[in-house]
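Letters A, B, ... mirror the listed sequences (proteins, then strands); counts begin at 1.
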Amino acid sequence: MNDLDSEGREKRLTAVAPNRLAELEAEAAADDEEASLPDLPNVETYEEVRMRLAPNPNGPWHLGNARMPAVIGTYKDRYGGWMLCRFDDTDPETKRPALAAYDAILDAIEYLGFEPDEVVRASDRLETYYEHARALIDRGGAYTCSCSGEEFSALKNAGEACPHRKKDAERTRAEFDAMVAGEFSGGELVLRIRTDIEHPNPALRDWVAFRVVDTPHPREAASEYRCWPLLDFQSGIDDHLFGISHVIRGIDLQDSAKRQRFLYEYFGWEYPEVVHWGHVQLDAYDVELSTSRIKTLIAEGELDGWDDPRAPTVASLRRRGIRGEAITEAMGGLGTSTSNVDLPMSAIYAENRELVDDTADRAFLVREGVEKVVMGGPAAGEPLIHPNHEKRGVREIPIEGAVLVEPDDVPPNGKRVWLKGYGPVRHTRDAFEFTGEGIDVVREEGVPVVHWVPADGNRPVLLRTMEGDVEGRAEPGFGERDPEEVVQFERIGFARVDTQDEERTVAYFAHP
RNA sequence: GCUCCGGUGGUGUAGUCCGGCCAAUCAUAUUGCCCUCUCACGGCAAUGACCGGGGUUCGAAUCCCCGCCGGAGCACCA
């Protein structure tokens, strides 16, 4: 129906002002060009821009995670590139994967407007990592080490090698094979990369590539493995194997590229371009952007679930009827600076409003309704379905003798108010008397326009908001709206119809 | 302690590489006005920033130095 309307508009415009239409199109094109991400470095030196999303599926996504597909996906579109979704699920214990999260994350990516060209799980690729580890050992690039974490840390901070560093390849190879074969328990042995034990940056000195984890991986297919790679190894190997040209990741991984370069040198590979960005903070939430924190709050019952309106998650915004594209746009506007940034929710709301305002039907919702008998006047009100699209028609709302209005909208005794789509009424004694003037009383005398619902036959609504649940009454027929539909409650804001049952509608508030 | 990164209006961003066209862009936000049977949409206007100090220069947001402030890493997490 919107298509028809916009087509109609365009036809009219073409007839009336052909130049204006061209202008509008030019403006729209210009809008797309500007206000977006900076160009990726050295794109011209690669045949194809190949990027990867590397989520840890240890839970559904919070809003900070959405930045990854938003930015990477936007670049993919810009350069006609290729995008891999690689689940970096190599920690069965500390950041234990949640089986449901794999699909939840893929859903979230789709919701944000993108589709990976390929999806893989690191936990399916252990043999590949082992092969490369063995190759590396043969090149003298790694050694097995049985130092405790504290012991090694002390030596490392002093720039001193541990006794295991001088192990030869054969012995390392044998011990690594034993690690893979499950002959060691967690904590007994690790495989370290031989980097530079005196490197000025202590973070780069002989880092751990593989360790033993006693806890089985939750994925059936990976549950037998006990020797697991750490991120810098796994990710470094995979980035090369998948031909990744541009790696985009957070500042917490600033040293990763430097660590992985040692690996790349041993193998004679070229390291991809790297872009780092800072952390995102959202205002408007009490809850910190942390998967484990949100998980805890849900377990404690503080939040109803990942899609609780108070949760700073992708699922929550989705349930509130906010388009993924709005999140993507807002994230894109942040650019890729390495400093931490604050993203106001209003930025997402502004993008969303632009997307939904034209299509969202209008409806009335009265909270804390005050009942007033209406005396005289027509039997029904006929507010427009959409103020900018008269052709979409009106909502026929019968008044069965009385209406509900919000307490703040009840005028003082003797004063008038305009029941939107119905007409002017005067508050006399305890009723609303229809006065019958034309719309001029609104335009010229400043009579306020208010929304209302009939006292009888209205539809109970539970509106779930970030601040808590609100009870209200919507106009009759609201119970017929399809779940998923986004409407605008006039003078309140946009909301998504969530569920309909016998006695009421549940809707989620998006934003004003 | 060691290593690295960064500081432009309330927020984000452009400009910084190649100093002047930057009393600084755009968006959002806030306020006011216009439009309007919504406090939406649309239109107009206003508000508001180069962390500080030195230096180089005819000229610095942009280059150099010193501070200050903030962030990240130094995990058998990602």
Worksheet entry | Residue of the set A:Glu188, A:His164, A:Glu175 for which side-chain hydrogen bond (donor to acceptor under 3.5 Å, both in side chains) holds with A:Thr144 | A:Glu175
Worksheet item: Do any pairs count as a salt bridge (Lys or Arg N to Asp or Glu O under 4.0 Å) and have a residue in residues 209-219 of chain A, sequence neighbours left out, and if so which ones?
Response: A:Asp91-A:Arg211, A:Asp124-A:Arg219
Worksheet, complete the sentence: Those stems involving RNA chain B that have three or more consecutive Watson-Crick or G-U pairs, both distances under 3.5 Å, are B:1-7 with B:68-74, B:10-12 with B:26-28, B:29-34 with B:42-47, B:51-55 with B:63-67
Item to complete: May I ask you to list the residues of residues 85-93 of chain A, by number, that have any heavy atom positioned under 4.0 Å from an atom of RNA chain B?
Response: A:Asp88, A:Thr90, A:Asp91
Worksheet entry | Pairs meeting criterion side-chain hydrogen bond (donor to acceptor under 3.5 Å, both in side chains) with involvement of residues 196-205 of chain A, two or more places apart | none
Discussion item. Test side-chain hydrogen bond (donor to acceptor under 3.5 Å, both in side chains) on A:Thr215 and A:Arg96; report intermediate values, then the result.
Written reply: CA-CA 10 Å; A:Thr215 311; A:Arg96 188 170 176 76; 5.7 Å; no
Worksheet entry | Protein-nucleotide distance (A:Gln281, atom CD; B:G12, atom C1'), rounded to Å | 14 Å
Discussion item. Taking only the P atom of each, what is the distance from B:C51 to B:C69 in whole angstrom?
Written reply: 16 Å
Worksheet item: Distance between the C1' atoms of B:G67 and B:G73, in whole angstroms?
Response: 24 Å
Practice prompt. Would you indicate what A:Gly187 reaches in the nucleic acid, counting non-hydrogen atoms under 4.0 angstrom: base, sugar-phosphate, or nothing?
Written response: base
Worksheet item: Excluding sequence neighbours, so at least two apart, what forms side chain to side chain donor-acceptor pair (under 3.5 Å) with A:Tyr130?
Response: none
Worksheet item: Does anything in residues 441-453 of chain A pair up under salt bridge (Lys or Arg N to Asp or Glu O under 4.0 Å), and if so which pairs, sequence neighbours excluded?
Response: A:Arg416-A:Glu445
Worksheet item: Residues two or more places apart in sequence or in another chain: which of them pass ring pair (Phe, Tyr, Trp, His ring centres under 6.0 Å) with A:Phe233?
Response: A:Phe210
Discussion item. Please give the distance between the C1' atoms of B:U57 and B:C64 as a whole number of Å.
Written reply: 12 Å
Worksheet item: Can you list the residues that meet the ring pair (Phe, Tyr, Trp, His ring centres under 6.0 Å) rule with A:Phe478, with sequence neighbours excluded?
Response: A:Phe489
Worksheet item: On a whole-Å scale, what distance lies between the P atoms belonging to B:U30 and B:G20?
Response: 35 Å
Item to complete: Could you check A:Phe364, A:Phe432, A:Phe434 and say which one makes a ring pair (Phe, Tyr, Trp, His ring centres under 6.0 Å) with A:Tyr422?
Response: A:Phe434
Practice prompt. Starting from P on B:U28, measure out to CG on A:Leu343 and report it in whole angstrom.
Written response: 14 Å
Worksheet entry | Gap in Å between the two C1' atoms, one belonging to B:G55 and one to B:G71, rounded | 29 Å
Discussion item. Using every non-hydrogen atom in the two residues, find where A:Pro424 and A:Gly436 come nearest and quote the distance to one decimal.
Written reply: CG-N, 3.6 Å
Item to complete: Report yes if a side-chain nitrogen or oxygen of A:Arg211 is closer than 4.0 Å to either non-bridging phosphate oxygen (OP1 or OP2) of B:C77; otherwise report no.
Response: yes
Worksheet item: With sequence neighbours excluded, what pairs up with A:Thr195 under the side chain to side chain donor-acceptor pair (under 3.5 Å) test?
Response: A:Asp206
Worksheet item: Does any pair with a residue in residues 328-347 of chain A pass ring pair (Phe, Tyr, Trp, His ring centres under 6.0 Å), and if so which ones, sequence neighbours excluded?
Response: none
Response to the item:
Counting primed atoms, P, OP1 and OP2 as sugar-phosphate and everything else as base, the B/S/- map of nucleotides 30-41 of chain B against protein heavy atoms under 4.0 Å is -------BBBBB
At a cut-off of 3.5 Å, list every protein nitrogen or oxygen paired with a nitrogen or oxygen from nucleotides 72-75 of chain B, distance to 0.1 Å.
{"unit_1": "B:A72", "atom_1": "O2'", "unit_2": "A:Ile251", "atom_2": "O", "d": "2.7"}
{"unit_1": "B:G73", "atom_1": "O2'", "unit_2": "A:Asp255", "atom_2": "OD2", "d": "2.8"}
{"unit_1": "B:C74", "atom_1": "O3'", "unit_2": "A:Lys156", "atom_2": "NZ", "d": "2.7"}
{"unit_1": "B:C74", "atom_1": "O2'", "unit_2": "A:Lys156", "atom_2": "NZ", "d": "2.5"}
{"unit_1": "B:C74", "atom_1": "O2'", "unit_2": "A:Pro202", "atom_2": "O", "d": "3.3"}
{"unit_1": "B:A75", "atom_1": "OP2", "unit_2": "A:Ser153", "atom_2": "OG", "d": "3.4"}
{"unit_1": "B:A75", "atom_1": "OP2", "unit_2": "A:Lys156", "atom_2": "NZ", "d": "2.7"}

Worksheet, complete the sentence: Given the options A:Arg392, A:His389, A:Arg481, A:Asp361 meets side-chain hydrogen bond (donor to acceptor under 3.5 Å, both in side chains) only with A:Arg481
